[in-house]
Colleague: 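Okay, here's the structure, questions in a sec.
So you know, we letter chains A, B, ... as the sequences are listed, proteins then strands, and number each from 1.
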Number of protein chains: 2
Amino acid sequence: MEQKIIDLLKRSSLSITDSRKKILESFFQENSALAHADIEDYVGEDFDRVTIYRTLQTFVDKGIIHTIPTPDNAVLYALCKDSCSAGHHHDNHVHFICDNCNKTFCLEHVVVPTVHMPVGFAASQIDMVVSGICNYCNATT
Amino acid sequence: MEQKIIDLLKRSSLSITDSRKKILESFFQENSALAHADIEDYVGEDFDRVTIYRTLQTFVDKGIIHTIPTPDNAVLYALCKDSCSAGHHHDNHVHFICDNCNKTFCLEHVVVPTVHMPVGFAASQIDMVVSGICNYCNATT
DNA sequence: AACATTTTGCAACATAGTTGCAATAGTGTA
DNA sequence: TACACTATTGCAACTATGTTGCAAAATGTT
């Protein structure tokens, strides 16, 4: 894990710092998308709030994570797949929010469908967020 | 307009107050979705910030307006069509955000497509937000 | 190890949204 | 129209979230 994280940082030409390692670790540890507050909880008192904001912004810029829009307007972040590179995200998959456990997942294999736009409208990006019950909650209740 | 607004409030069994009239007016006046700040600008100094928050919440509860999730996580509100009733929204249409003029529109006639969920996931609500260039901006540039 | 460059922490600030409570305005009834 | 009852509003205070400038500390390079 430690090595995987260091490799990822090097590949993105970022210097290896404690906060970056810890924050990336939180994403690999949890398998769902994380809110800023989740990360703050995970890293504990080790790092300043501001550092987390800046680190997340850096990761987004470098294509390591992407943001997810949610209906309740909380900012969520999730790891990008390897195909993402700096400034060129490929996160055209559907995001799923579980109403039960409240976790958010990337449905990597569910591609956002195209829709037919009215005359005059030109689409450049499409976000799709589905909410409901996730597979884990469905299996255990 | 005044009468249309009063009728709408009565139909929702809400008392007719100055702030409710003024805030509804802002939605009928502008044809796009509005952020809290837009409404604050529109009503000026007439009403307290808190009143606007509470009024918007009331309108959402009564099915007069609905919220729109946006990729940059600003809360937007737009008028519901008549088919919406209290606690039972039918806003299953696509929302469009113009990257040029920054306005958000309800594409009432573009229905959110269904997508095939992975095994174990049950979808209950789908939000779709498209960004690009709107018909007005495409026509004038 | 020494230096230049990044990154971090702190303080201060800005914006967004919430809550309790007293004052005010709106509604139905006589 | 006046009254009383209820709903709504404004104020103050508070929490949460996010940003910026600058000095101190850590990182990468030689």
Colleague: Between C1' on dT8(C) and CZ on F59(A), what's the gap in Å once rounded to a whole number?
Modeller: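 So the CZ-C1' distance, F59(A) to dT8(C), works out to 14 Å.
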Colleague: Starting at CG of L24(A) and ending at P of dT7(C), how long is that distance when rounded to a whole Å?
Modeller: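 About 14 Å, once rounded to whole Å.
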Colleague: Would you say N138(B)'s side chain and G120(A)'s backbone share a donor-acceptor pair under 3.5 angstrom?
Modeller: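 Between the backbone of G120(A) and the side chain of N138(B) there is a qualifying donor-acceptor contact (under 3.5 Å).
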Colleague: Can you tell me the distance, in whole Å, between the CG atom of L14(A) and the P atom of dT5(C)?
Modeller: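 So the two atoms are 18 Å apart, to the nearest Å.
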Colleague: So, the side chain of S32(A) versus the backbone of F105(A): is there a donor-acceptor pair under 3.5 Å, distance only?
Modeller: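 Judged by distance alone, no pair lies under 3.5 Å.
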Colleague: Using whole Å, report how far CZ of F47(A) lies from C1' of dT7(C).
Modeller: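 Nearest whole value for this atom pair: 11 Å.
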Colleague: Provide, to the nearest angstrom, the distance between the CG atom belonging to L76(B) and the P atom belonging to dA16(C).
Modeller: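 Answer to the nearest Å: 12 Å.
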Colleague: Give me the one residue out of K4(A), K10(A), Q3(A) that meets side-chain hydrogen bond (donor to acceptor under 3.5 Å, both in side chains) with D7(A).
Modeller: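 When side-chain hydrogen bond (donor to acceptor under 3.5 Å, both in side chains) is applied between D7(A) and each of K4(A), K10(A), Q3(A), only Q3(A) qualifies.
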Colleague: For DNA chain C, whose closest nucleotide is more 5', that of D46(A) or that of H36(B)?
Modeller: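 Checking each residue's closest nucleotide, the 5'-ward one belongs to D46(A).
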Colleague: With nearest nucleotides of DNA chain D determined for S19(B) and R49(B) from heavy-atom distances, which residue corresponds to the more 5′ nucleotide?
Modeller: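 The residue closer to the strand's 5' end, by nearest nucleotide, is S19(B).
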Colleague: For DNA chain C, whose closest nucleotide is more 5', that of V50(B) or that of I16(B)?
Modeller: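 The residue closer to the strand's 5' end, by nearest nucleotide, is V50(B).
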Colleague: Under the side-chain contact (heavy atoms from CB on, under 4.5 Å) test against I23(B), which residue among L56(B), L34(B), I5(B), I64(B) passes?
Modeller: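 So the option named by the test is L56(B).
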Colleague: Quickly work out the D48(B) CG to dA16(C) C1' distance and round it to whole Å.
Modeller: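 Going from CG in D48(B) over to C1' in dA16(C) covers 14 Å.
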Colleague: Can you identify which nucleotide, out of dG26(C), dT7(C), dT18(C), has its nearest atom closest to the S15(A) side chain?
Modeller: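 From the listed options, dT7(C) comes nearest.
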Colleague: Which whole-number value in Å describes the distance from I6(B) CD1 to dG26(C) C1'?
Modeller: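 Rounded to the whole Å, the gap is 13 Å.
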Colleague: Checking the side chain of T51(A) only, and the main-chain atoms of F47(A) only, is there a donor and an acceptor separated by less than 3.5 Å?
Modeller: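 Pair absent, no side-chain N/O of T51(A) close to backbone of F47(A).
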Colleague: Please lay out, stage by stage, how H95(A) and H66(A) fare under the test side-chain hydrogen bond (donor to acceptor under 3.5 Å, both in side chains).
Modeller: CA-CA 11 Å; H95(A) 291 110; H66(A) 62 279; 3.1 Å; yes
Colleague: Roughly, in whole Å, what's the span from CG in D61(A) to C1' in dT6(C)?
Modeller: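 It works out to 15 Å between those atoms.
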Colleague: Regarding dG26(C), can its base be found pairing with the side chain of R20(B) as donor and acceptor, where the two atoms are less than 3.5 Å apart?
Modeller: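 Check fails, no donor-acceptor contact within cut-off.
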Colleague: Under a 3.5 Å threshold, yes or no: a donor from one side chain and an acceptor from the other, between Y42(A) and E25(A)?
Modeller: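 Present: a donor and an acceptor within the cut-off.
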Colleague: Could you tell me from which nucleotide to which nucleotide of DNA chain D, 5' to 3', there is an atom under 4.0 Å from chain A heavy atoms?
Modeller: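 Span of nucleotides near chain A: dT17(D) to dG28(D).
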